[in-house]
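Notes follow once the structure below has been shown.
Naming: A, B, ... by sequence-line order, numbering from 1 per chain. Heavy-atom basis, side chains included; hydrogens, waters and symmetry copies ignored.
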Amino acid sequence: MTELPKTYDASKVESKIYKRWLDSGYFNPDKLPKDHKDHYTISMPPPNVTGTLHIGHALGATIQDVLIRFARMQGKKTLWLPGTDHAAIATQSKVEKEIYKKEKKTRHDYGREEFLKLVEKFAQESHDTIIEQLKRMGTSCDWSREAYTLDEQRTLAVRTAFKNMYEDGLIYRGSRIVNWDPRLATTVSDDEVEWEERKTPFYYIKYGPFTIGTARPETKFGDKYVVMHPDDKRYKKYKHGDQLPVEWINGKITATVIKDKTVDMEFGTGVMTITPWHDKTDFDIAERHNLDKKQIIDYKGKLLSIAQEFAGIHIKKAHPMIVEKLKEKGLLKKIDENYVNRVAINSRGGELIEPQIKKQWFVNVNAKFKAKNDKLKGIIKGQEITLKDLMKNVVASGQIKITPDRFTKIYYHWIDNLRDWCISRQIWYGHRMPVWYKGKQTYVGIEPPEGDEWKQDPDTLDTWFSSGLWTFSTLGWPNNTSDLKTYHPTNVMETGYDILFFWIARMILMSGYNLSDIPFKDVYMHGLVRDKDRQKMSKSKGNIIDPLGVIDLYGTDALRMALVFSTAAGNDIPLAEEKIKGMKHFANKLWNIARFVLTNTPSVILDATPDDSESNFDSRLRGNNKLTAADKDILQKLKLTIKKVTENFEKFRLHEAAQEIYQFTWHELADKYLEASKEQLKDEKLREPTQTILLHCLIVILKLLHPFMPFVTEEIWSHLNQKDLLIISKWPTP
RNA sequence: GGACGAUUAGCUCAGUUGGUUAGAGCGUCUCGUUUACACCGAGAAGGCCGUAGGUUCGAAUCCUACAUCGUCCACCA
C-alpha cells in the first residue's frame with residue numbers, strides 16, 4: 001500500500017492521470033483487452049473552430065464521456081470519435097470582423113487565396129486550443145481517429161455525396177428567393193435566420209383606387225400587381241386580370257389585379273401590392289400566377305435604376321426620402337407609428353436579411369430515390385422514397401429514438417414544413433462546390449474535368465452539408481472500411497436541442513440517402529447551460545463561466561459532477577459556481593474516505609482483493625455470522641445503490657445516477673458506516689470483516705463514480721494494488 | 001396565430017410506470033475542535049408541490065380549465 005497524501009490536489013493529479021490513460025491505449029477500441037465485445041460508438045459533435053470551448057461544450061463532452069466510460073466498464077468495445085467543424089460562415093465572419101477591426105480591410109482587399117490563408121491559420125489555432133480543452137475535460141476519445149469536416153477524407157465524402165445526389169436528381173440548381181445578407185454577401189438558410197421584433201412606422205399609401213399598407217416603401221417601385229382575396233366583397237367589382245392606371249411613386253403605371261387566397265382580409269385594407277424579388281410570400285404568389293419579377297435592390301443594399309432619382313442610394317438612406325416624396329405627391333394617407341414588425345437577421349453575422357432571387361443549389365426534399373438495401377425499417381431495397389418521408393419514417397418506426405420524447409413532435413412539425421434546402425453559400429471558407437461550367441455545360445464530379453475552359457463554381461457548400469455526413473465520413477466512407485462496417489450506425493448522438501434541425505435532421509437525411517441506414521439509434525438532447533438566474537450566458541452580460549477557469553479552481557471532476565448532477569434531459573441547466581465548489585468538497589470527501597479505509601486496511605487484505613473480487617468478497621464473508629447491524633445495513637444499501645445507478649444509466653437518467661451515488665457515498669458510507677466502523681475496528685473479532693467490507697465499499701463506489709469523476713477515482717485506485725487501470729475495470733453487479 | 005416546456009424549502013433545481021414522514025446543493029440557526037475530512041459532524045428551522053375543479057382507497061405525479069414566465073415554429077404585406 002502506498003499512502004495517500006493528506007489532501008487531493010486536482011491540478012497536479014489530472015494531467016498525470018490523463019497521460020496514463022493515453023499511454024494505456026484504452027481510448028482506442030482496437031487496443032482494449034480482448035474480452036471487450038459488443039461495439040458502442042459515439043460520434044462527437046464536432047465543436048466549431050471559432051475560438052474556444054464554452055460551458056455548453058463542457059456539458060456535452062461530460063455527458064458523452066460518462067456514457068462512454070460506463071459502456072467501456074461494462075466490457076463493451078467503445079469508440080468515441082472526436083473531431084472539429086470548420087463552421088464555414090461562422091469562422092469566416094469571425095476572421096472578417098477581426099481584419100476589419102484591425103486593418104479596416106475586407107476579404108475582397110485580400111483576395112480569395114490570401115484571405116483563406118488567414119482563415120485557415122485562425123481555424124488551426126482554434127483547433128489546437130479546443131483539443132487541449134477537451135483533453136482537460138478528461139474526455140476518453142480515440143484521438144488516433146480524429147477528423148475535421150474540411151480535411152481530405154471528408155472532402156472526398158462531401159464530393160461523393162454531392163455527385164450521387166446530383167445524379168439521382170436530389171440536387172438541382174435553380175432561381176429561388178433566398179435569404180441574402182448584404183454585408184457578408186452570402187445567402188443563409190432558413191434555419192439560420194433569426195427574427196427580431198422592431199417598432200417601425202407603417203405607411204398607408206394610395207394605390208389607384210386602393211390603399212395599401214407597407215413598412216418598406218423603398219421596395220415598392222416596381223409594384224405593378226395588386227392582390228386581394230377572391231372572396232373579399234369590398235373588391236368584388238375588380239376581376240382577376242383587370243388592368244387599371246395608377247399614379248405611383250415615379251409616375252403613371254399600369255396595375256394588374258390578382259386574386260389570391262393567401263391574402264389576409266382582416267389585415268390592413270385587405271389589399272396589397274407585391275415585390276416578388278424581395279419577399280418570400282410575394283415570390284410564391286408570383287410563381288403561382290406566373291407574374292413578372294423585377295429586382296429593385298442590388299446585392300449591396302442599394303437601389304437599382306428602376307428607382308430612377310433614388311438609384312444608387314442605400315435603402316436605409318432612401319427610406320425617409322421616399323416617404324417624403326410620397327407625402328409631396330399626396331399618396332401617403334396615414335402613418336401608424338406603433339406598428340411592430342418582425343425583421344430577419346442573420347444569426348451568423350448579425351446583418352439584416354434582404355431577400356433576393358438568386359441562382360442557388362438546392363437539395364430537393366420531395367424527389368424520390370431508391371433505397372439501396374433493407375436496413376431502413378419498413379422500407380425494402382429498391383423502394384422509392386423521398387428524403388422527407390425517410391426523415392419522418394425512421395423516427396416514426398422507432399428505429400431512432402429521441403430523448404426526451406417531446407422533441408419527437410417538434411421534429412415532425414419541422415419536417416412537415418420543410419422546404420428545399422439551399423446548400424450554396426457565397427462565402428470562401430468551406431467546401432467549394434464540386435461543379436464546373438463551360439458555356440452552357442455543367443459538370444459535377446469528384447475531380448475537375450479535363451481542359452482549361454472549365455470554370456469551377458465559386459460558391460461553397462453550407463457547412464451542415466459536410467456535418468450531415470459526419471457519423472459515416474469519419475469512419476472512412478465512401479470507402480468500404482472495416483471501421484464503417486464495425487462502428488456504424490453509432491449508438492448515441494448526444495447534443496444540445498438547439499441543433500435538432502440544423503444537424504440531427506441533416507444527419508438522418510444524409511445517412512438515409514447515402515447508406516440507406518440510420519446514423520444513430522438514440523438521440524439524447526441536453527439543455528442549455530444558463531447562469532444561476534436562468535439567464536443565457538453571454539460575454540456582454542458578463543455571466544460566463546469559463547470551463548478552464550473553474551477547472552483550475554475546483555478540478556475537472558467537480559465541474560463534471562456539477563454539470564451532470566441536477567439536470568434532466570432536455571431541460572436547461574442553471575449552473576452556479578457554488579455548485580461546482582460543492583462538488584469539489586465531495587471529491588475531497590471521497591479522498592478522505594479512501595484515506596480512512598487505506599490506513600485501516602492491512603496489506604494482507606488489500607492484496608487479497610483484486611479487481612474482480614465480488615464473488616471472492618461474498619465467499620470471504622460467507623460463514624461469518626458475526627456481522628453487525630451496521631455491516632448488514634451498509635451492504636444492503638450498497639447493493640441497492642449499484643442497482644439504481646445501473647438502471648438510471650441505462651435509461652439516460654444520468655443526473656439521478658449521480659445523485660444516488662453521491663447520496664450513498666456521503667450520507668451512508670461516510671456519515672454512518674465509517675463512524676460505526678471506528679468502534680468495530682477496536683473489537684478483535686469484528687476487525688477483519690469490517691476491514692473487508694470497508695475496502696469492498698470503497699472499490700465499488702470508485703467504480704460507480706468513475707464515469708462522473710474519472711480523475712480522483714483513478715488516482716485513488718492506483719493506491720489499491722490493482723492489476724490494471726480503473727478505466728477498464730468491470731462494472732459492479734448488485 | 002400554432003406547438004412545447006416550466007411553475008416544488010430563502011435561492012437554484014431533482015423527484016418517468018400515482019403508494020409510507022416530498023429530496024439535494026447553497027444559504028440560515030444551535031451544538032460539537034472525538035487521530036478520514038472544518039472542503040467536517042450532530043441537530044433544527046423552513047414546503048396549502050402556481051390556482052380551481054375532476055379521476056382514485058390514495059395525486060407533486062393522471063385529466064380539464066385558468067394564470068404567470070420561457071422556448072420553438074409560422075409567408076400578416
Side-chain angles (χ1 to χ4, degrees), chain A residues 4 6-8 177 190-191 194-195 202-205 212-216 219-220 223 226-228 260 262-275 279-285 339-342 355 403-414 416-417 419 497-498 500-501 527-528 530-534 536 554-555 558 561-562 565-600 648 651-653 655-656 658-660 662-663 666-667 670-672 674-675 677-678 694:
Chain A
L4 259 62
K6 195 141 188 167
T7 51
Y8 173 67
I177 191 148
D190 290 346
D191 295 291
E194 264 171 15
W195 296 87
F202 190 76
Y203 307 93
Y204 288 91
I205 305 168
I212 59 152
T214 184
R216 305 198 58 198
T219 65
K220 292 285 157 197
D223 288 15
V226 58
V227 191
M228 58 212 74
D260 193 283
T262 53
V263 176
D264 182 355
M265 289 188 268
E266 309 289 312
F267 186 84
T269 56
V271 179
M272 65 178 198
T273 60
I274 56 168
T275 314
D279 186 287
K280 202 169 275 172
T281 316
D282 296 359
F283 177 86
D284 291 342
I285 293 171
Y339 182 72
V340 178
N341 196 20
R342 279 158 47 88
T403 305
D405 183 47
R406 65 171 186 273
F407 287 105
T408 307
K409 214 172 159 182
I410 300 175
Y411 174 79
Y412 290 152
H413 185 254
W414 180 79
D416 290 340
N417 289 295
R419 276 190 273 230
Y497 62 71
D498 50 331
L500 175 63
F501 309 136
L528 265 44
R530 294 167 181 269
D531 75 0
K532 62 178 178 1
D533 302 319
R534 272 193 160 274
K536 251 187 190 168
Y554 308 111
M561 194 66 173
F565 199 66
S566 59
T567 175
N571 286 5
D572 288 352
I573 301 151
L575 182 71
E577 202 167 319
E578 294 88 75
K579 204 189 244 168
I580 306 169
K581 195 173 162 191
M583 290 306 159
K584 188 199 169 176
H585 295 174
F586 178 63
N588 180 64
K589 190 76 186 176
L590 179 66
W591 186 257
N592 279 293
I593 291 170
R595 288 214 314 139
F596 177 85
V597 173
L598 284 176
T599 50
N600 286 294
N648 283 322
K651 290 177 188 160
F652 286 121
R653 280 141 57 162
H655 62 294
E656 285 189 65
Q659 286 180 26
E660 284 296 336
Y662 178 98
Q663 186 65 19
W666 200 313
H667 300 301
D671 288 354
K672 294 188 186 143
L674 255 62
E675 292 307 320
S677 78
K678 286 175 186 171
L694 279 172

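Nucleotide U34(B) forms no Watson-Crick or G-U wobble pair with any nucleotide shown, as no partner meets the under 3.5 Å limit on both distances. Base pairing of A3(B): its partner is U71(B), meeting the Watson-Crick or G-U wobble criterion (both donor-acceptor distances under 3.5 Å). Within the shown strands, nothing qualifies as a pairing partner of G18(B) under the Watson-Crick or G-U definition with both distances less than 3.5 Å. Pairing of G47(B), defined by two Watson-Crick or G-U wobble distances under 3.5 Å, is not identified with any nucleotide. Pairing for C13(B) is with G23(B), a Watson-Crick or G-U wobble pair whose two hydrogen-bonding atom distances lie under 3.5 Å. A 3.5 Å limit on both hydrogen-bonding distances identifies G54(B) as the Watson-Crick or G-U partner of C62(B).
The nucleotide whose nearest atom lies closest to any side-chain atom of H655(A) is, among U16(B), A77(B), C37(B), U16(B). Among C73(B), A36(B), G25(B), the nucleotide with an atom closest to any side-chain atom of K678(A) is A36(B). Closest to the side chain of K589(A), from the set U16(B), A36(B), G25(B), is A36(B). In this structure, of C37(B), U16(B), A36(B), it is A36(B) that holds the atom nearest to the side chain of F596(A). Taking only side-chain atoms of F501(A), from C-beta outward, the nucleotide of C26(B), A77(B), C73(B) with the closest atom is C73(B). Ranking A3(B), C26(B), U16(B) by closeness to the K409(A) side chain, first place goes to A3(B). The side chain of H667(A) has G25(B) as its nearest neighbour among C73(B), G25(B), C75(B). Listed candidates were A36(B), C40(B), A77(B). Nearest to the side chain of H585(A) is C40(B). You'll find that the side chain of A670(A) is closest to A36(B), out of A77(B), A36(B), A14(B).
Atom-to-atom, NZ of K581(A) to C1' of A38(B) comes out at 13 Å; the value is rounded to the nearest Å. Look at OH on Y204(A): it is 11 Å from C1' on C76(B), rounded to the nearest Å. Atom pair D671(A):CG and A24(B):C1' shows a separation of 14 Å (rounding to whole Å applied). To the nearest angstrom, P of C76(B) lies 12 Å from CD1 of I285(A). The nearest whole Å value for the distance from the CD1 atom in I205(A) to the C1' atom in A77(B) is 11 Å. Taking atom CZ of residue R595(A) and atom P of nucleotide C39(B), one finds them 14 Å apart after rounding to whole Å. As rounded to whole Å, 10 Å separates atom P of A24(B) from atom CZ of F565(A). What separates CD of E194(A) from C1' of U71(B) is a distance of 13 Å, to the nearest Å.
Between V597(A) and W666(A), the residue anchored nearer the 5' end of RNA chain B, judged by the nucleotide with its closest heavy atom, is V597(A). Looking at which nucleotide of RNA chain B each of T7(A) and N417(A) is closest to, the 5′-most match is held by T7(A).
Nucleic acid contact for Y662(A): sugar-phosphate only, since backbone atoms but no base atoms lie under 4.0 Å from a heavy atom of the residue. Across all strands, K651(A) comes closer than 4.0 Å to no nucleic acid atom at all (heavy-atom distances). Nucleic acid contact class of L674(A) (heavy atoms, under 4.0 Å, all strands): base. A594(A) comes within 4.0 angstrom of no nucleic acid atom, judged by non-hydrogen atoms across all strands. Within 4.0 Å (heavy atoms only), D264(A) reaches at least one base atom of the nucleic acid. Counting any heavy atom pair closer than 4.0 Å across all strands shown, K220(A) reaches sugar-phosphate atoms only and no base atom. Heavy atoms of K280(A) sit nowhere under 4.0 angstrom from any nucleic acid atom.
Taking atom C1' on both G58(B) and U20(B), the two are 11 Å apart, rounded to the nearest angstrom. The same atom, C1', is picked in A24(B) and in C4(B); the two are 28 Å apart, to the nearest Å. Straight-line distance between the C1' atoms of C49(B) and A42(B): roughly 29 Å, to the nearest whole Å. Using C1' as the reference atom, G18(B) and U56(B) are 9 Å apart when rounded to the nearest Å. Rounded to whole Å, the C1' atom of A6(B) lies 14 Å from the corresponding atom of A14(B). Comparing U30(B) with U71(B), their C1' atoms are spaced 45 Å from each other, to the whole Å. On the P atoms, C31(B) is 49 Å away from G54(B), given to the nearest whole Å. On the C1' atoms, U61(B) is 12 Å away from U8(B), given to the nearest whole Å.
At a cut-off of 3.5 angstrom, counting only N and O atoms as typed in the model, there is no donor on one side facing an acceptor on the other between the side-chain of K579(A) and the base of C26(B). Judged by atom type and distance alone, E675(A) reaches the base of A36(B) through a side-chain donor-acceptor pair under 3.5 Å.
Between F202(A) and Y204(A), the ring planes are perpendicular. Angles over 60° get that label, and only those under 30° would be called parallel. Taking the six-membered ring where tryptophan is involved, the planes of W591(A) and Y8(A) are tilted, since the angle between them lies from 30° to 60°.
Between L4(A) and A594(A), the shortest heavy-atom contact is CD2-CB, 3.8 Å. Residue D282(A) comes nearest to T275(A) through the heavy atom pair OD2-N, 2.8 Å, listed as atom of the first residue, atom of the second, then distance. Taking all atoms of both residues into account, the shortest heavy-atom contact from Y554(A) to K581(A) is CE2-CG, 3.7 Å. In terms of heavy atoms, Y497(A) sits closest to G527(A) at CE2-CA, 3.6 Å.
Between L674(A) and L694(A), the closest side-chain pair of non-hydrogen atoms falls below 4.5 Å. Within the 4.5 Å cutoff, side-chain heavy atoms of F596(A) are placed close to those of S677(A).
Not one N or O on the side chain of N588(A) forms a donor-acceptor pair closer than 3.5 Å with the backbone of K584(A).
An OP1 or OP2 oxygen of G15(B) is reached within less than 4.0 angstrom by no side-chain nitrogen or oxygen of R653(A).
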